[in-house]
Amino acid sequence: MKKYFIITLISIALTGLVACSDSSNSVGKSQIDTTPPILNDLDIWLRSNFVSPYNIEILYKWDINDTDVDRFIHPPFEESVRPMAEALQKAWIEPYTALGGENFIKNIAPRQFTFAGGFNFDPDTPTRILGIAEAGSKITLFDLDFLDFTDINSIKQPLKTVQHEYAHILNQNIPFDIIYGQINPENYNANWFNRSDAQARELGYITAYASSQSGEDFVEMVSEMLTNSKADFDAIVDGIVSDEARAIIRLKESIVVEYYQTNFGIDIYELQALTDAATQELVN
C-alpha cells in the first residue's frame, strides 16, 4: 500500500507540472497598454511645477463615465486648467512655503488634485459642492469652466475651497484643541444650509457651513481668514450685531492663531497678507 501511495503522489505531481507547462504556453500577448503617454505643453508644465517639486499630480483628463451621471460634472476645458493651477501655486503653495519653509508643502499636502469643469449639485441638500477632500490625499475642485479670473470674488471661490480642505489635512496631522468645539456647541446643526451666513454669524459662526460641526467650524475660520485681507475679515466680524457672537468669533480666531503658531511656527496674519497679495495679483 505504501508503495502504491507514493507512486500515486508522484503521478499527481507530474500531471500538475504538465498542466502548468501547457497553460503557460497558451498565455497570449498582454492586454495592458504600456505605451508612454503623449504629453502636451500643459502636461509638461504641470509636471515641472507640481509633480517634480511637490509630488502633486493634477488630473484634468478623466472619463466622464466614472462620475455620477445625475450630476453636471465633466472634465474641464484645457484653457481652464493652467489659470487654476497657477492660482494654487501663487495663493496657496508659495505663501505656505515662504513662512513654513521649502519642505512644508512637500511634507504635508494632498498628492492629487482633480479638476472638474462642471457643477456638483448635492441631490440631498439644496447646495452646490465646490470641492471634496478624500482621506487627506486628494482634492477635487468643481466649476472650473465657469470661473472668471478677472473677478476676485470668482477666483476666491476655489481658493477658499482649497484653504478649507487643506486645513482639514493639517488637522489630520495635528488636531486642533478640543476646547474649540466646546465654545458654543449648542447651535451646531446638520441642517446648516437653512441658515444664511449672516444668521450664522449672529450665533457665533463665521459662515453657515461653520455651524454644521466643530471640525467644519475650525476650517471655515481658517479659510475665511486666508481668502480675505485682515481688513476685510475684521469688517465681517465687526459687522456682527450681537456682542456675544462677535466675542465668540474673536475667541475662535485666537485659537486658530495659536494653532498655527504653536504647531507650525507660522503667523497666520502674515500668511493672510501673503495670500491676499497673491490673489490680488492673480486678478490684476
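Numbers for residues simply follow the sequence, beginning at 1.
Donor-acceptor pairing under 3.5 Å is lacking for the side chains of D217 and S214. Donor-acceptor pairing under 3.5 Å is recorded for the side chains of E216 and H164.
With sequence neighbours excluded, the residues forming a ring pair (Phe, Tyr, Trp, His ring centres under 6.0 Å) with Y166 are W92, Y96, listed by chain and number. For Y188, the ring pair (Phe, Tyr, Trp, His ring centres under 6.0 Å) test picks out Y205, with sequence neighbours left out.
Considering CG of L282 and CD of Q89, their distance stands at 9.5 Å, rounded to 0.5 Å.
Residue pairs meeting the side-chain hydrogen bond (donor to acceptor under 3.5 Å, both in side chains) criterion with at least one member in residues 266-278, sequence neighbours excluded, are E253-Y269. Identified under the side-chain hydrogen bond (donor to acceptor under 3.5 Å, both in side chains) test for residues 107-118, with sequence neighbours left out: E57-Q112. Applying the salt bridge (Lys or Arg N to Asp or Glu O under 4.0 Å) test to pairs two or more places apart or on separate chains, those with a residue in residues 92-108 are K90-E94. Applying the ring-ring contact (aromatic ring centres under 6.0 Å, His included) definition to pairs two or more places apart or across chains, those involving residues 213-256 are F176-F218, Y180-F218, F218-Y259.
Within the 4.5 Å cutoff, the side chain of I174 has no heavy atoms near those of the L170 side chain. By the 4.5 Å heavy-atom criterion applied to side chains, Y60 and W62 are not counted as neighbours.
Within a 6.0 Å sphere centred on CZ of R47, heavy atoms belonging to other residues, nucleotides or ligands number 12 at most.
Closest non-hydrogen pair, P53 versus S48, comes out as CD-O, 3.2 Å.
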